[in-house]
Amino acid sequence: MKPDTRALAAKGLAEVALRGASLRDVMERNARRLADPRDRALLMALLSEGARWWLRFDAAVDGLLEKPLRHKDPAVHALLVLGLVQLEILQLSDYAAVAATVEATRTLGRPQLAGLVNAILRRWQRERDSLLARLDAKPQTRHAHPAWLAAALQRDWPQQADAVMAADNREPPLMLRVNRQRSERLALIEKLHAAGYAASAHPWLSDALVLPHSTDVTRMPGFEDGFFAVQDGAAQVAADLADLRDGLRVLDACAAPGGKACHLLERADIDLTALEFDAARAERIRQNLMRLRLNAKVVIGDAGAPKGWWKGQPFDRILIDAPCSATGVLRRRPDVRLHRRESDIAAMHAQQRRILAALWPLLAPAGRLVYITCSVLRAENEAIVGELLAAQPDARATAFTLPAGQAAGVGWQILPGDGDLDGMYYAVIEKRTR
C-alpha cells in the first residue's frame, strides 16, 4: 500500500518539533519510503515549511482547540499545523489542504479525530483574517522565531531585526562551488544549461554558481566527477580571506563536513590538516575529499586541547569555523529555531573562547587566523575576537570589506538575506612578528 505523504510528514514533524529529532535525518529516512518523486517533493516541502513555520501555526492550533492535542496525539497536532502550512505557505488548493489532510488523520489510525481536524481547518478558513492578525501581534508568532532570539536580534541589530527574520523565512537559492581543480565555471554553467538547470555565475564570488531552487544535486552533471560542491556563498568567503599561496601549512579546525577545507585545497597547493572532534563527522570530510579528488590529513581531536594531536610545527594559516548557535542559517536549517535554547549560548561562548585561546599559539609569526561563525549574535562574534585581541599583544585585527554585509565592532557581519546569502561572521587576525 502506498504511504500517505501527509501522514508521514505529520509523524516526522512531530519528531522534529516535539522530540528534538534532526530535520535532515527525518527527511532522509521518510523520503526512502516514497517511490514517486512528486510525493518526495511534497514530503520535503511539508517537513521543511512545517519546521520553519511551527512557532506560528503551533500557536494557532492551540488557539483553535478546546483541549490541546500536543501530548496526547502529537502526530495529529502536527498534522493540523501542516494543514495551516498548506493553506497559508504552500497555498495548495482547499481540497489538498483540507480533504487530504482529514484523510491523513485516518491513515494515522485516529479516525475518531477526522471530524475535529476538518472542523478546525474549516474554522481557520472562516476566521482567517482575525486569526492572522492575532498571530502578527507578536514577533515570535509573526516571524516564527523563538521569543529569546527575536529579542536578541532586536538588541543586537535593532534596524535590521525584522528584515533578518523575514529572510529566515524565505526559500534560499541553491548555491554551488566550482572545484577549480576539476572544472571551470563557464564550462560548468554551459553543461548545466544543456541539462536544463538555470545556473548563473555569482556576481562577486569567483567560484560560486546560483540556482533559483533546491534540487537533487546528485543527479546533476558533474557531481560524481567532483566538478562542484554545494556551499552557500557566505561560506565561500573563507577562501578569499585566508590569502593562500602554494606551500603553506594550513589548519582547518572544527572542519566537518569539510566544505571550507575542500575550498582551500581547490585554491592552492597547500599542506592542510582538517581537524574534527567527532569521528562520524570526520568521515564526512573524507567522503567529500574523495569525491572532489582532493588530499588532506584528517585528524580526530579537540581543537581546544592541541596537546593531543599537534606535532609542534606552527601553521601559516588557521581557519576556525567555531561551534556556534547557527542563528545565521535558519533559512537552510529551519529546525535550529526549534532546538536552540537561550541557555545554550553561554556554553557556546565558553567553547569559542577555549578554542580560540588554544589555537592562537599554534599560529606562526606573520601568520593569519580566520575566525568564523554562522551566528548573528554579537556575543559569539566580535565579543569573542575582542577578548583575544585584548589578551594577546601580538594579535592584530586586519580590516577588510565585502560587497555584502557590514562592519562589526571587529570583523565583518553578513546578516541573513544580505546579498541573498546566509548569515556569517568573519574576523581576520594576524600575528605580529617580534
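Heavy atoms only: backbone and side chains are in, while hydrogens, waters and symmetry mates are out.
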* Asked: How many angstroms lie between atom CD1 of Ile384 and atom CD1 of Ile320, to the nearest 0.5 angstrom?
  -> 11.5 Å

* Would Leu47 and Val26 satisfy side-chain contact (heavy atoms from CB on, under 4.5 Å), going step by step from the backbone distance to the final call? -> CA-CA 9 Å; Leu47 286 171; Val26 168; 4.2 Å; yes

* To do: Please say which of Leu319, Leu363, Leu251 ends up in a side-chain contact (heavy atoms from CB on, under 4.5 Å) with Leu369.
  => Leu363

* Check: Arg333 side chain, Ala326 main-chain N or O, donor-acceptor pair, under 3.5 Å -> no

* How many angstroms lie between CZ in Arg6 and CG in Leu13, if you round to the nearest 0.5 Å? -> 14.0 Å

* Hey, are Asp316 and Arg368 close enough for a salt bridge, meaning a charged N less than 4.0 Å from a carboxylate O? -> no

* Asked: Do you know the tightest heavy-atom contact between Ser200 and Ile189?
  -> C-CD1, 4.1 Å

* Mark yes or no for whether Arg317, through its side chain, and Val250, through its backbone, hold a donor-acceptor pair below 3.5 Å. => no

* **Side chain Tyr425, main chain Tyr371, donor-acceptor under 3.5 Å** => no

* Taking atom types as modelled and ignoring hydrogens, do the side chains of Gln140 and Arg56 form a donor-acceptor contact shorter than 3.5 angstrom? -> no

* Sub-3.5 Å donor-acceptor pair from the side chain of Asp156 to the main-chain atoms of Leu153, do we have one? -> no

* Might you point out which heavy atoms bring Pro334 and Ser48 nearest each other, and give the distance in Å? => CG-O, 3.7 Å

* Would you mind checking if Arg267 and Asp240 are paired as a salt bridge, meaning a charged N to carboxylate O distance below 4.0 Å? => yes

* Using the salt bridge (Lys or Arg N to Asp or Glu O under 4.0 Å) rule, collect all pairs that involve residues 351-361, keeping only residues at least two apart or in two chains. => Asp302-Arg354, Arg353-Glu387

* Asked: Do NZ/NE/NH1/NH2 and the carboxylate oxygens of Arg219 and Asp216 come within less than 4.0 Å?
  -> yes

* To do: Would you please classify the geometry between the Trp309 ring and the Phe315 ring as parallel, tilted or perpendicular, with 30° and 60° separating the classes?
  => tilted

* Fit a plane to each ring of Trp53 and Phe57, take the angle between them on a 0 to 90° scale, and name the class: parallel (under 30°), tilted (30 to 60°) or perpendicular (over 60°). => tilted

* To do: Output, in order, the C-alpha distance, side-chain angles, deciding distance and verdict of side chain to side chain donor-acceptor pair (under 3.5 Å) for Asp168 and His143.
  => CA-CA 9 Å; Asp168 288 341; His143 295 296; over 6 Å; no

* **Gly328 to Val376 - nearest heavy-atom pair and separation** => CA-CG1, 3.9 Å

* Asked: Strictly by modelled atom types, are Asp58 and His77 linked by a side-chain donor-acceptor pair under 3.5 Å?
  -> yes

* To do: Apply side chain to side chain donor-acceptor pair (under 3.5 Å) to the pair Arg180 and Ser206, showing each step before the final yes or no.
  => CA-CA 10 Å; Arg180 292 188 183 188; Ser206 59; 3.0 Å; yes

* Asked: Are any of the side-chain nitrogens in Arg332 or Asp422 under 4.0 Å away from the carboxylate oxygens of its partner?
  -> yes

* To do: Say whether, by atom type as modelled, one donor and one acceptor occur between the side chain of Thr141 and the main chain of Leu135 under 3.5 angstrom.
  => yes

* Asked: Within a reach of under 6.0 Å around CZ of Arg293, are more than 12 heavy atoms found that belong to other residues, nucleotides or ligands?
  -> yes

* Asked: Is a side-chain donor or acceptor of Lys191 paired with a backbone partner of Leu186 at a separation under 3.5 angstrom?
  -> no

* Charged N-O contact under 4.0 Å between Asp4 and Lys11 -> no

* Would Gln231 and Leu176 satisfy side-chain contact (heavy atoms from CB on, under 4.5 Å), going step by step from the backbone distance to the final call? -> CA-CA 5 Å; Gln231 188 180 44; Leu176 308 179; over 6 Å; no

* To do: First locate atom NZ of Lys311, then atom CG of Leu362, and finally report the distance between them rounded to the nearest 0.5 Å.
  => 12.5 Å

* To do: Going by the salt bridge (charged side-chain N to carboxylate O under 4.0 Å, His left out) test, name the single residue among Arg286, Arg281, Arg284 that passes it with Glu276.
  => Arg281

* In terms of side-chain geometry, is the basic nitrogen of Lys297 or Asp271 positioned less than 4.0 Å from the acidic oxygen of its partner? -> yes

* Over-ring placement of Arg340 relative to Trp148, 6.0 Å and 45° cut-offs -> no

* To do: Write down the atom of Cys374, the atom of Val329, and the distance for their closest heavy-atom approach.
  => CB-CG1, 3.9 Å

* Is the shortest side-chain N to carboxylate O distance from Arg245 to Asp269 below 4.0 Å? -> no

* Asked: What's the spacing between Leu377 CG and Thr327 OG1 if we round to 0.5 Å?
  -> 4.0 Å

* To do: Could you check Asp335 against Trp54 for side chain to side chain donor-acceptor pair (under 3.5 Å), going step by step and ending with a plain yes or no?
  => CA-CA 9 Å; Asp335 53 332; Trp54 177 271; over 6 Å; no

* Would you check if there is a donor-acceptor pair between the side chains of Asn169 and Arg337 at a distance under 3.5 Å? => yes

* Among Arg182, Arg177, Gln181, which residue meets the side-chain hydrogen bond (donor to acceptor under 3.5 Å, both in side chains) test with Glu266? -> Arg177

* Structure fact -> Heavy atoms of Ala234 and Met424 approach each other most closely as CB-CB, 3.8 Å

* To do: Taking atom types as modelled, find out whether His213 and Glu171 have a side-chain donor-acceptor pair closer than 3.5 angstrom.
  => yes

* Would Arg185 and Asp207 pass as an ion pair if we require N to O under 4.0 Å? -> no

Report all side-chain donor-acceptor pairs from residues 396-412 shorter than 3.5 Å, counting only partners two or more places apart or in another chain.
residue: Arg396; atom: NH2; partner: Glu430; partner atom: OE1; Å: 3.2
residue: Gln406; atom: OE1; partner: Gln160; partner atom: NE2; Å: 2.9
residue: Trp412; atom: NE1; partner: Ala404; partner atom: O; Å: 2.7

* Would you say the side-chain atoms of Gln91 pair up with the backbone N or O of Leu87, donor to acceptor, closer than 3.5 Å? -> no

* Would you say Arg249's side chain and Gln313's backbone share a donor-acceptor pair under 3.5 angstrom? -> yes

* To the nearest 0.5 Å, tell me how far Lys138 NZ sits from Leu55 CG. => 12.5 Å

* Sequence neighbours excluded, every pair satisfying salt bridge (Lys or Arg N to Asp or Glu O under 4.0 Å) that has a member inside residues 19-32 -> Glu15-Arg29

* Using the side-chain contact (heavy atoms from CB on, under 4.5 Å) rule, take Lys260 and Ile372 through it: C-alpha gap first, then chi angles, then the decisive distance, then the call. => CA-CA 11 Å; Lys260 296 181 181 68; Ile372 311 161; 3.9 Å; yes

* Asked: Has the side chain of Asp418 got a donor or acceptor atom that lies under 3.5 Å from a matching backbone atom of Ile414?
  -> no

* Qualifying residue for side-chain contact (heavy atoms from CB on, under 4.5 Å) with Leu294, from Leu265, Leu272, Asn288 -> Leu265

* To do: State whether the number of non-hydrogen atoms from other residues, nucleotides or ligands found under 6.0 Å of Phe223 atom CZ is greater than 12.
  => yes

* Minimum heavy-atom distance Ala303-Leu359, with the two atoms named -> O-CD2, 3.4 Å

* Structure fact -> So CG of Leu188 and CG of Asn179: to nearest 0.5 Å the spacing works out to 10.0 Å

* For the residue pair Trp124 and Glu88, confirm or rule out a side-chain donor-acceptor distance under 3.5 Å. => yes

